[in-house]
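Numbering starts at 1 and runs along the sequence shown. Whatever order the structure lists ligands and atoms in, that order sets their numbers, starting from 1.
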Amino acid sequence: MTTTTSSDIPLPRPVSAEAVTGLRSALVGDVFGPGDDGYQEHRRVWNGSIDRYPAVIARCSGVDDVRAALRFGQDYELPIAVRAGGHSFPGLSTCDYGLLIDLRPMSGVRVDPDARVAGAQAGVLLEELDAATQEHGLAVPAGIVSHTGLAGLTLGGGIGWIMRKFGLTVDSLLSADLVTVDGEFVRASEDENADLFWGLRGGGGNFGVVTDFRFRVHPLGPQVMAGATFWRIEEAVPVLRRYRDWLADCPDELMTLVAQRLAPPLPAVPPDLVGRPVIAVLACYAGDVDDGERVLRPMREFGSPVLDLFGVKPFVAHQQMLNPSFRHGCWYYVRSCDVADLSDPVIDIVAEYGRRISSPLSSIALWQMGGAVARIAEDKTAFSGRGAGFTFNINGNTEAADGFDEQRQWARDYWSALAPFHTGVYVNFLMEEGDARVRQAYGDAKYDRLRALKRKYDPSNVFRLNQNIRPD
Ligand SMILES: Cc1cc2nc3c(=O)[nH]c(=O)nc-3n(C[C@H](O)[C@H](O)[C@H](O)COP(=O)(O)OP(=O)(O)OC[C@H]3O[C@@H](n4cnc5c(N)ncnc54)[C@H](O)[C@@H]3O)c2cc1C
């Protein structure tokens with residue numbers, strides 16, 4: 001392997017070829033400098049609008065590799081990015097001219113069905129965890145797009161299809177192993193380093209590199225009643241009002257999302273609908289499938305649905321339903337906020353901006369919160385917003401640069417129109433929006449508690465490529 005760069009790649013300045021060779025000999029995993037075969041592949045993240053060139057990529061195979069890479073990054077005073085699944089919306093898991101610690105090779109999952117515990121290394125994707133746990137009819141509550149990384153999702157909180165029944169991802173976390181900035185190996189749980197355990201459950205990658213998680217697992221499926229019903233956007237207001245009323249006494253087993261997008265050219269979609277804006281209610285019932293059928297029916301039969309994709313299916317299949325809508329490499333921009341409820345004015349805004357969708361990749365997901373998430377005390381974990389009624393995730397997306405500015409503006413305008421109703425924001429749905437917004441996401445009291453923890457574990461802010469808790 002060479003470490004020369006081709007002329008179209010910016011040359012990272014501070015790291016010599018000899019230094020990269022030195023790191024290579026210190027690691028079991030692979031190390032890539034610019035120009036090495038594989039560098040281009042491994043420097044990329046999920047969001048195609050993020051195009052950065054690390055000076056060196058360390059693909060870590062275990063705790064010792066993480067330690068060695070961290071030492072190297074600090075010796076050379078490099079910016080240090082940590083990457084698991086690479087799905088940070090703003091691309092915080094890569095950097096220019098710095099060290100990229102890539103945890104993806106650490107992808108082991110182990111399930112103990114008798115103890116109802118699952119362990120997962122930090123590079124695991126949701127689909128890998130789902131596959132291993134569902135083999136035993138068990139599940140860890142996690143996200144709704146199965147190529148997302150478990151580590152980044154967990155460290156921010158973790159919302160998904162079964163959270164209303166079983167809580168957030170962090171609510172099932174039993175322990176996390178972490179390498180500190182000094183290379184120390186630390187375990188955090190309710191009994192060991194409890195302050196750190198509190199901070200890791202929502203405080204992101206601010207305190208060190210997590211190498212391993214242990215979760216409590218819950219019985220689920222493997223068959224669930226799940227899917228989506230679609231209506232023309234013209235029906236958005238009555239559908240949303242009906243949806244609001246229907247949710248009023250639904251059980252925790254039911255978790256729903258409202259989605260808006262342009263109808264895709266799929267065989268199931270009526271041809272006259274393709275490319276037109278639609279509104280959908282998506283759901284997963286984390287319980288008996290007949291109960292799920294009964295609970296869902298009134299919503300599915302409301303008004304004039306144009307497409308119904310509900311059915312009894314494997315949970316792992318439902319977890320993959322949205323994957324094609326969020327392909328790697330497209331250009332993504334997101335704005336997010338929580339709201340207390342679906343008041344008539346909020347519904348009117350949703351209907352209006354839904355009609356204005358103009359990219360086949362732009363969409364919104366409006367998450368129903370509550371249930372088990374809201375029954376855990378707000379100060380139990382660093383995750384903030386347990387009392388939120390709904391969470392908006394507004395995605396202005398394109399295949400590539402063409403048209404991206406327009407979609408981004410649509411997402412910003414949509415979010416701004418909702419501003420009078422904002423109650424908070426989920427930290428994992430933030431872009432790079434500045435320190436004040438991170439503080440806002442946690443609230444003053446939690447932010448100050450996180451800052452005290454940051455001073456203890458990372459006083460020099462080595463781990464700053466994240467939704468950063470500033471130590472100063
Ligand atoms: C398509 C898509 C779908 C999503 N769906 C959901 C969803 O259903 N529910 C939900 O809650 N969120 C969801 N998210 C948001 C998601 O939780 C965050 O983007 C999360 O950061 C992704 O984790 P990752 O490991 O893939 O990210 P990465 O980009 O690898 O990392 C994200 C951040 O976490 C830090 N980090 C990652 N691993 C470690 C580690 N081991 N130790 C220390 N720091 C680390 C990184 O440095 C970076 O700052 C989704 C995002 C996308 C793009």
For T381, does its backbone N or O pair with a side-chain atom of K446 as donor and acceptor, under 3.5 Å? yes

Considering only heavy atoms of I159, which atoms of ligand 1 have at least one such atom less than 4.0 Å away? 7 (C), 8 (O), 9 (N), 10 (C), 11 (O)

Short question: side chain of Q121, backbone of G108 - any donor-acceptor pair under 3.5 Å? yes

Show the atoms of ligand 1 that are less than 4.0 angstrom away from any heavy atom in R83. 30 (O)

Geometric N/O contact V82 with ligand 1, under 3.5 angstrom: yes

Side chain, backbone, both or neither: L103 near ligand 1, heavy atoms under 4.0 Å: side chain

What is the nearest protein non-hydrogen atom to atom 44 (N) of ligand 1, stated with its residue, atom name and distance? G205 CA, 3.3 Å

Numbering the atoms of ligand 1 from 1, which are under 4.0 Å from a heavy atom of W367? 7 (C), 8 (O), 9 (N)

Less than 4.0 angstrom from a charged side-chain N to a carboxylate O is my criterion; do R464 and E432 meet it? no

Using a heavy-atom cut-off of under 4.0 Å, does the side chain or the backbone of L155 touch ligand 1, or both, or neither? side chain

Can you check salt bridge (Lys or Arg N to Asp or Glu O under 4.0 Å) on R201 and E190, steps first, answer last? CA-CA 11 Å; R201 287 176 291 167; E190 291 286 6; 3.5 Å; yes

Would you tell me which option among W46, F89, W161 has the nearest heavy-atom contact to atom 51 (C) of ligand 1? F89

Distance under 4.0 Å to a non-hydrogen atom of G208: what atoms of ligand 1 satisfy this? 42 (N), 43 (C)

Do D112 and R116 sit within salt-bridge range, that is, some charged N less than 4.0 Å from a carboxylate O? no

Look at atom 12 (N) of ligand 1 and say which protein heavy atom is nearest, naming residue and atom and giving the distance to 0.1 Å. L153 CD1, 3.5 Å

Kindly say whether D177 contributes a backbone atom to a donor-acceptor pair with the side chain of D212 at under 3.5 angstrom? no

Polar contact flag for T211 and ligand 1 (N/O pairs, less than 3.5 Å): no

Are R59 and D102 ion-paired here, with the side-chain N under 4.0 Å from a carboxylate O? yes

heavy-atom search around atom 41 (N) of ligand 1 in the protein gives V210 O, 2.8 Å

Donor-acceptor pair, distance only, cut-off 3.5 Å: does the side chain of R386 make one with the backbone of V373? yes

At under 4.0 Å between heavy atoms, which part of Y426 makes contact with ligand 1: side chain, backbone, both or neither? side chain

Between H87 and ligand 1, does any nitrogen or oxygen pair lie at a separation below 3.5 Å? yes

Take every heavy atom of G160, measure it against each atom of ligand 1, and state whether any distance is under 4.0 Å. no

Of all heavy-atom pairs between A176 and L200, which one has the smallest distance, and what is that distance? CB-CD1, 3.9 Å

Which one of G152, S93, C95, C330 has a non-hydrogen atom at the shortest distance from atom 23 (O) of ligand 1? G152

Which ligand 1 atoms does F429 reach within 4.0 Å, using its non-hydrogen atoms? 12 (N), 13 (C), 14 (N), 15 (C)

For atom 8 (O) of ligand 1, what is the nearest protein heavy atom, given as residue, atom name and distance? I144 N, 2.8 Å

Please verify the inter-ring angle class for H87 with H147; under 30° counts as parallel, over 60° as perpendicular, anything in between as tilted. tilted

Set out, in order, the CA-CA distance, both residues' side-chain angles and the distance that settles side-chain hydrogen bond (donor to acceptor under 3.5 Å, both in side chains) for Q319 and S146, then state yes or no. CA-CA 6 Å; Q319 281 284 79; S146 73; over 6 Å; no

Determine whether more than 12 heavy atoms belonging to other residues, nucleotides or ligands lie under 6.0 Å from atom CG of D472. yes

The one among N428, T148, I80, L465 that brings a heavy atom closest to atom 5 (N) of ligand 1: T148

Aromatic rings F429 and Y426: how do their planes relate, parallel, tilted or perpendicular, breaks at 30° and 60°? perpendicular

Run the numbers for me: atoms of ligand 1, each under 4.0 Å from some heavy atom of V145, listed by number. 1 (C), 3 (C)

Which atoms of ligand 1 are found less than 4.0 Å from any heavy atom of G85? 24 (P), 25 (O), 26 (O), 30 (O)

What do you think, any protein heavy atom under 4.0 angstrom from atom 15 (C) of ligand 1? yes

If we number the atoms of ligand 1 from 1 as shown, the ones under 4.0 Å from a heavy atom of G143 are 7 (C), 8 (O), 9 (N)

Please confirm whether G149 comes within less than 3.5 Å of ligand 1 when only nitrogen or oxygen atoms on both sides are compared. yes

Indicate, as side chain, backbone, both or neither, the part of A122 found under 4.0 angstrom from ligand 1 when only non-hydrogen atoms are considered. side chain

Tell me which protein heavy atom sits closest to atom 32 (C) of ligand 1, plus the residue, atom name and distance to 0.1 Å. S88 CB, 3.8 Å

Indicate the ring-plane relationship of H318 and W161, choosing parallel, tilted or perpendicular according to the 30° and 60° boundaries. tilted

From R375, Q368, M369, residue fulfilling side-chain contact (heavy atoms from CB on, under 4.5 Å) relative to R164: Q368

Consider ligand 1: state whether an atom of it lies below 4.0 angstrom from any non-hydrogen atom of G204. no

Please check if the side chain of T391 supplies one atom and the backbone of W367 the other of a donor-acceptor pair under 3.5 Å. no

